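Because the structure is a prediction, the values reported are computed rather than measured. In what follows, residues are counted from 1 in the order of the sequence shown.
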Amino acid sequence: QVQLVESGGGLVQAGGSLRLSCAASGRTVSSDYMAWFRQAPGKQRELVADITSGGGTNYADSVKVRFTISRDNAKNTVYLQMSSLRPEDTAVYYCAAQRSISVTGYRHYYWGQGTQVTVSS
């Protein structure tokens, strides 16, 4: 059974920092494609950052330079370090692990329960 448990969300002032954690069980983060998504009220869920099994990373343009995705293989945990936070970063943040990928490259995911990040101006 796959479980992804996020933590680290909260309320922070603009310009501040937070670190989100995603503790995985039933999956091995070092050998999986892992990602962070977010969903703001009234908006679609969007990819924020991802990390491949080889360690390559990718970021949404809106968070480049400010956010960093990483993993601790010993703890089987993926992190999202968020700095210079802005009010528009306010959203529920979800950890995801690739479940499968179609021949067209569409990924299906296991999802965590989400953690709320609120950035006040």
message: Could you check whether any side-chain N or O of Gln39 sits under 3.5 Å from a backbone N or O of Ala91, counting only pairs where one atom can act as donor and the other as acceptor?
response: no
query: Just wondering, do Asp89 and Arg38 contact through their side chains at under 4.5 Å, heavy atoms?
result: yes
message: Would you say Leu80 ends up clustered with Ile51 if hydrophobic residues are merged whenever their side chains have heavy atoms under 4.5 Å apart, either directly or through other cluster members?
response: yes
- line: So OG of Ser83 and CZ of Phe67: to nearest 0.5 Å the spacing works out to 8.0 Å
Closest approach of Cys95 to Leu4 (non-hydrogen atoms, all atoms of both residues): O-CD1, 3.8 Å
field: Pair Asp61 + Lys64: basic N to acidic O under 4.0 Å
entry: yes
query: How long is the span from the CG atom in Leu18 to the CD atom in Gln81, to the nearest 0.5 Å?
result: 8.5 Å
field: Side-chain donor/acceptor of Asn76 to backbone N/O of Ala24, under 3.5 Å
entry: yes
query: What pairs meet the ring pair (Phe, Tyr, Trp, His ring centres under 6.0 Å) rule with one or both residues in residues 98-121, with sequence neighbours excluded?
result: Phe37-Tyr109, Phe37-Trp111, Tyr106-His108, Tyr109-Trp111
message: Run the side-chain hydrogen bond (donor to acceptor under 3.5 Å, both in side chains) test against Asp32 and tell me which residues pass, sequence neighbours left out.
response: Arg27
task: Find out whether Ile69 and Val78 are in side-chain contact, i.e. whether some heavy atom of one side chain is under 4.5 Å from a heavy atom of the other.
output: yes
- request: Measure from the side-chain N and O atoms of Glu6 to the backbone N and O of Gly114, and report whether any donor-acceptor pair falls under 3.5 Å.
  value: yes
query: What about Met34 and Tyr59, same hydrophobic cluster or not, with Ile/Leu/Val/Met/Phe/Trp/Tyr joined at side-chain heavy-atom distances under 4.5 Å?
result: yes
Donor-acceptor under 3.5 Å (Tyr79 side chain, Thr68 main chain): no
task: Mind checking the CD-OG1 spacing from Gln113 to Thr115? Nearest 0.5 Å is all I need.
output: 7.0 Å
side-chain hydrogen bond (donor to acceptor under 3.5 Å, both in side chains) contacts in which one or both residues fall within residues 8-22, not counting sequence neighbours: none
message: In the structure I gave you, are the side-chain heavy atoms of Val117 and Val119 within less than 4.5 Å of one another anywhere?
response: yes
